[in-house]
Engineer: 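The structure that follows is given in the form of structure tokens.
So that the names make sense, note that chain A is the first sequence line, chain B the second, and so on, each numbered from 1.
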Amino acid sequence: MKRETDAPRFTLNAQLPSGTAYNRALFMDTTTISHIGEKAGGSATVQGWLYNRRSSGKIQFLIVRDGTGYLQAVVPRADVPAEVWEAAERASQECSLRVTGTVREEKRAPGGYEMSAQSVEILGPSEGYPITPKEHGVDFLMNLRHLWMRSSQQHAVLRVRSEIEQAIRDFFYRREFTLIDSPILTGSAVEGTSTLFETDYFGDKAYLSQSGQLYLEPAAAAFGKVYCFGPTFRAEKSKTRRHLTEFWMIEPEVAFLRFEGLVELAEDLIVTVMGRVLERCQEDLKRLERDTKKLEAIQKPFPRITYREAVQKLAALGFSVKFGDDLGADEETALAKDLDRPLVVSRFPAAIKSFYMQPDPEDPEVVLGLDMLAPEGYGEIIGGSERIYDLALLEKRIEEHELPRDAYEWYLDVRRFGTFPHSGFGMGLERFVAWACGIHHLREAIPYPRTLKRIYP
RNA sequence: UCCUCAGUAGCUCAAUGGCAGAGCACCCGGCUGUUAACCGGGGGGUUGUAGGUUCAAAUCCUACCUGAGGAGCCA
């Protein structure tokens, strides 16, 4: 079955204007390694950093990386001037360098092409590079995150992340959503202040946003289909591999969309973006040793279970859960176990969910909310709901949750002036990236992770 | 906040009460097809901090610091 992936049809370099200074510098005088095949049989110059060097007395192999790929340059002592041989000998791990030579296909070389070097020029030396080609501990590597991202697996993860972000934007653009950037500095909390980072705002308190949702609901009334995609901050003292204090969240909000449509939108997003990763990131997934069969299995429809059904199933499995209890990590794992695609859990008791969730008209004890649990233990990647659109009910819920009414007046205006049913969800970018890449910990799914114990570098 | 585990060379680790060691990295030498190359040599230590037990502590005890994994909470 052919997937819809939203991948653009053009290739990147074809769109670049010719004759600009940066174009000459980047694409004419030198060749990016990802395009080295186009130079096979001729001469080329690459510039980048030394990934590794091996020597065997009278021959040296320089592995050069430039961010787009890896190229092995061969320096045979007999074939090059003495100063070129010596420059190659001086080249140390991660020094920057420029290498010119003839390019040819070579099966023995990583990448399939190899350069016979005619000149080697060291641009910037690198002495005592701390990350050696052996094992290191996580704390050590995270202290060197600015350098660690040069390493092949970290580099691959961040390339996949970039592709995922682009795929998400393409997904919503193609469906005629309007991008609405929600504020990062906010004056009021969505729910309580215990998980908010507080900052001084000219003598008043301000908080770093933990969700763009409240700002998107009014925008849905202005534009119909909207989404935001930005950083989100949670001051939760979570100390697990599934949590960051700063992470990126994608939040669509759609006017007149009911709950069933919301679940389909969430499914479509997951399937489309995962398809795009499979189509465009094969090389990176291979470097990450990701089992792509697991990703190919991510197809519609996803299995669904209501909270009530989940409680029954868990009780049958021996868990002591009853209606009204929150599902913990063990319970979620038990439900998602043995599934090859995400599980949609829906219709939770109102008491354990957010104040703005719409009650199910057929079962008023529960609300039209959904959690999507990724397979392979990656946990909740999406949480969303249909929103309450009745003013009186929303006012009642704000009171029940003991929220400061004044701070929500502007939000209530959405219900005062032409209220409408609407739905939305939030997807955690890093959880999706970690899942796609098959990496163990969220901190490797973001360039500079912020966790309970880390704000450096 | 709670529970569990760990801090020894730049890095990864060994030494379990008796002389502080190995591999990698770095420096020197060797090798014309290496794939985390390999072979030989060299320099490199306040054993997280403070106190205690002991003839003797990396090792046992106490406190603290730092980190990791998990719970809760969530994306």
Engineer: Does any N or O donor sit under 3.5 Å from an N or O acceptor when you compare the side chain of A:Gln60 with the base of B:rU34?
Structural biologist: no
Engineer: Could you tell me the separation between the CG atom of A:Leu141 and the C1' atom of B:rC24, rounded to a whole number of Å?
Structural biologist: 14 Å
Engineer: Taking only side-chain N and O atoms of A:His441, does any of them lie within less than 4.0 angstrom of OP1 or OP2 on B:rG69?
Structural biologist: yes
Engineer: How many angstroms lie between atom CG of A:Leu335 and atom NZ of A:Lys313, to the nearest 0.5 angstrom?
Structural biologist: 6.0 Å
Engineer: Does any residue of residues 73-103 of chain A have a heavy atom under 4.0 Å from RNA chain B, and if so, which ones, in number order?
Structural biologist: A:Ala78
Engineer: Can you measure A:Tyr51 atom OH to B:rA25 atom P for me and round it to whole angstrom units?
Structural biologist: 14 Å
Engineer: Between C1' on B:rU34 and CG on A:Leu71, what's the gap in Å once rounded to a whole number?
Structural biologist: 15 Å
Engineer: Could you tell me the separation between the CD atom of A:Glu331 and the P atom of B:rG72, rounded to a whole number of Å?
Structural biologist: 8 Å
Engineer: Output the distance between atom CD (A:Glu399) and atom NE2 (A:His401), rounded to the nearest 0.5 Å.
Structural biologist: 12.5 Å
Engineer: Can you identify which nucleotide, out of B:rU34, B:rA36, B:rC73, has its nearest atom closest to the A:Arg54 side chain?
Structural biologist: B:rU34
Engineer: Between A:Lys237 (NZ) and B:rG67 (P), how many Å, whole number?
Structural biologist: 13 Å
Engineer: Given 3.5 Å as the limit, does a donor-acceptor pair link the side chain of A:Arg290 with the main chain of A:Ala436, or not?
Structural biologist: yes
Engineer: Quick one: is the NZ or CZ of A:Arg387 closer than 6.0 Å to the six-membered ring centre of A:Tyr389, and within 45° of its axis?
Structural biologist: no
Engineer: For B:rA71, does either OP1 or OP2 sit under 4.0 Å from a side-chain N or O belonging to A:Arg242?
Structural biologist: yes
Engineer: Of all of residues 442-456 of chain A, which get a heavy atom below 4.0 angstrom from RNA chain B, listed by number?
Structural biologist: A:Leu442, A:Arg443, A:Lys453
Engineer: Quick test of your reading: applying ring pair (Phe, Tyr, Trp, His ring centres under 6.0 Å), list the pairs with at least one residue in residues 91-114 of chain A, sequence neighbours left out, ordered by first then second residue.
Structural biologist: none
Engineer: Measure from the side-chain heavy atoms of A:Glu114 and tell me the nearest of B:rA36, B:rG33, B:rA71.
Structural biologist: B:rG33
Engineer: Tabulated below should be each protein N or O lying under 3.5 Å from an N or O of nucleotides 8-15 of chain B; please produce it.
Structural biologist:
{"residue": "B:rC11", "atom": "O2'", "partner": "A:Glu135", "partner atom": "O", "Å": "3.2"}
{"residue": "B:rC11", "atom": "O2'", "partner": "A:His136", "partner atom": "ND1", "Å": "2.4"}
{"residue": "B:rU12", "atom": "OP1", "partner": "A:Gly137", "partner atom": "N", "Å": "2.9"}
{"residue": "B:rU12", "atom": "O4'", "partner": "A:Glu135", "partner atom": "O", "Å": "3.4"}

Engineer: To the nearest Å, how far apart are A:Asp330 CG and B:rG72 C1'?
Structural biologist: 12 Å
Engineer: Name all residues meeting the ring-ring contact (aromatic ring centres under 6.0 Å, His included) criterion together with A:His136; count only those two or more places apart in sequence or in a different chain, and write none if there are none.
Structural biologist: A:Phe140
Engineer: Taking the side chain of A:Lys58 as its heavy atoms from C-beta onward, which of B:rC31, B:rA75, B:rA71 lies nearest to it?
Structural biologist: B:rC31
Engineer: Is A:Glu400 paired with A:Arg397 through a side-chain N to carboxylate O contact shorter than 4.0 Å?
Structural biologist: yes
Engineer: Using the salt bridge (Lys or Arg N to Asp or Glu O under 4.0 Å) definition, which of the options A:Glu309, A:Glu264, A:Glu260 pairs with A:Arg304?
Structural biologist: A:Glu260
Engineer: Side-chain donor or acceptor of A:Arg431 under 3.5 Å from a matching atom on the base of B:rC74?
Structural biologist: yes
Engineer: Can you run down the ring pair (Phe, Tyr, Trp, His ring centres under 6.0 Å) pairs that involve residues 37-69 of chain A, sequence neighbours left out, and say none if there aren't any?
Structural biologist: A:Tyr51-A:Tyr70
Engineer: Under a 4.0 Å heavy-atom cut-off, which of residues 365-372 of chain A touch RNA chain B?
Structural biologist: none
Engineer: In a check of side chain to side chain contact (heavy atoms under 4.5 Å, CB included) between A:Phe233 and each of A:Leu244, A:Ile184, A:Thr195, which one passes?
Structural biologist: A:Ile184
Engineer: Write down the distance between CD1 (A:Ile270) and P (B:rA75), rounded to a whole number of angstrom.
Structural biologist: 14 Å
Engineer: Using atom C1' of each nucleotide, how far apart are B:rU53 and B:rA14 to the nearest Å?
Structural biologist: 26 Å
Engineer: Which of residues 243-251 of chain A sit near RNA chain B, with a heavy atom under 4.0 Å from it?
Structural biologist: A:His243, A:Leu244, A:Phe247, A:Met249
Engineer: Quick check for you: to the nearest 0.5 Å, what is the distance between A:Lys239 atom NZ and A:Lys453 atom NZ?
Structural biologist: 6.5 Å
Engineer: Could you state the atom-to-atom distance from CZ of A:Phe61 to C1' of B:rG33 in whole Å?
Structural biologist: 4 Å
Engineer: Just jot down the ring-ring contact (aromatic ring centres under 6.0 Å, His included) partners of A:Tyr411, sequence neighbours excluded, or say none.
Structural biologist: none
Engineer: Take atom P in B:rG48 and the same atom in B:rU1, then report the distance between them in whole Å.
Structural biologist: 25 Å
Engineer: Taking the same atom, C1', in B:rU32 and in B:rC38, what whole-Å distance lies between them?
Structural biologist: 14 Å
Engineer: Walk me through it: do A:Glu251 and A:Gln213 pass the test side-chain hydrogen bond (donor to acceptor under 3.5 Å, both in side chains)?
Structural biologist: CA-CA 7 Å; A:Glu251 292 176 278; A:Gln213 182 199 324; over 6 Å; no
Engineer: Classify A:Ser55 by what it touches in the nucleic acid, base, sugar-phosphate, or nothing, heavy-atom distance under 4.0 Å.
Structural biologist: base
Engineer: Which part of the nucleic acid, if any, lies within contact of A:Gly128, taking any heavy atom under 4.0 Å across all strands shown: a base, the sugar-phosphate backbone alone, or nothing?
Structural biologist: nothing
Engineer: Between B:rC74, B:rG33, B:rG67, which nucleotide has the shortest distance from any of its atoms to the side chain of A:Glu106?
Structural biologist: B:rG33
Engineer: Counting side-chain heavy atoms from CB outward, which of B:rG33, B:rC73, B:rG69 is closest to A:Ser56?
Structural biologist: B:rG33
Engineer: Between A:Gln60 and A:Arg77, does a side-chain hydrogen bond (donor to acceptor under 3.5 Å, both in side chains) hold up when you go through it step by step?
Structural biologist: CA-CA 8 Å; A:Gln60 294 183 69; A:Arg77 188 167 206 166; over 6 Å; no
Engineer: Using heavy atoms and a sub-4.0 Å distance, could you list which residues of residues 300-328 of chain A are near RNA chain B? By number, please.
Structural biologist: A:Asp326, A:Gly328
Engineer: Under the rule for side-chain contact (heavy atoms from CB on, under 4.5 Å), what residues qualify as partners of A:Arg98, not counting sequence neighbours?
Structural biologist: A:Thr45, A:Gln47, A:Glu121, A:Leu123
Engineer: Please name all residues satisfying ring-ring contact (aromatic ring centres under 6.0 Å, His included) with A:Phe323, sequence neighbours left out, ordered by chain then number.
Structural biologist: A:Tyr307
Engineer: If you count heavy atoms of other groups shown closer than 6.0 angstrom to CD of A:Glu83, is the number above 12?
Structural biologist: yes
Engineer: Any chance you could measure A:Leu370, atom CG, to A:Glu380, atom CD, to the nearest 0.5 Å?
Structural biologist: 8.5 Å
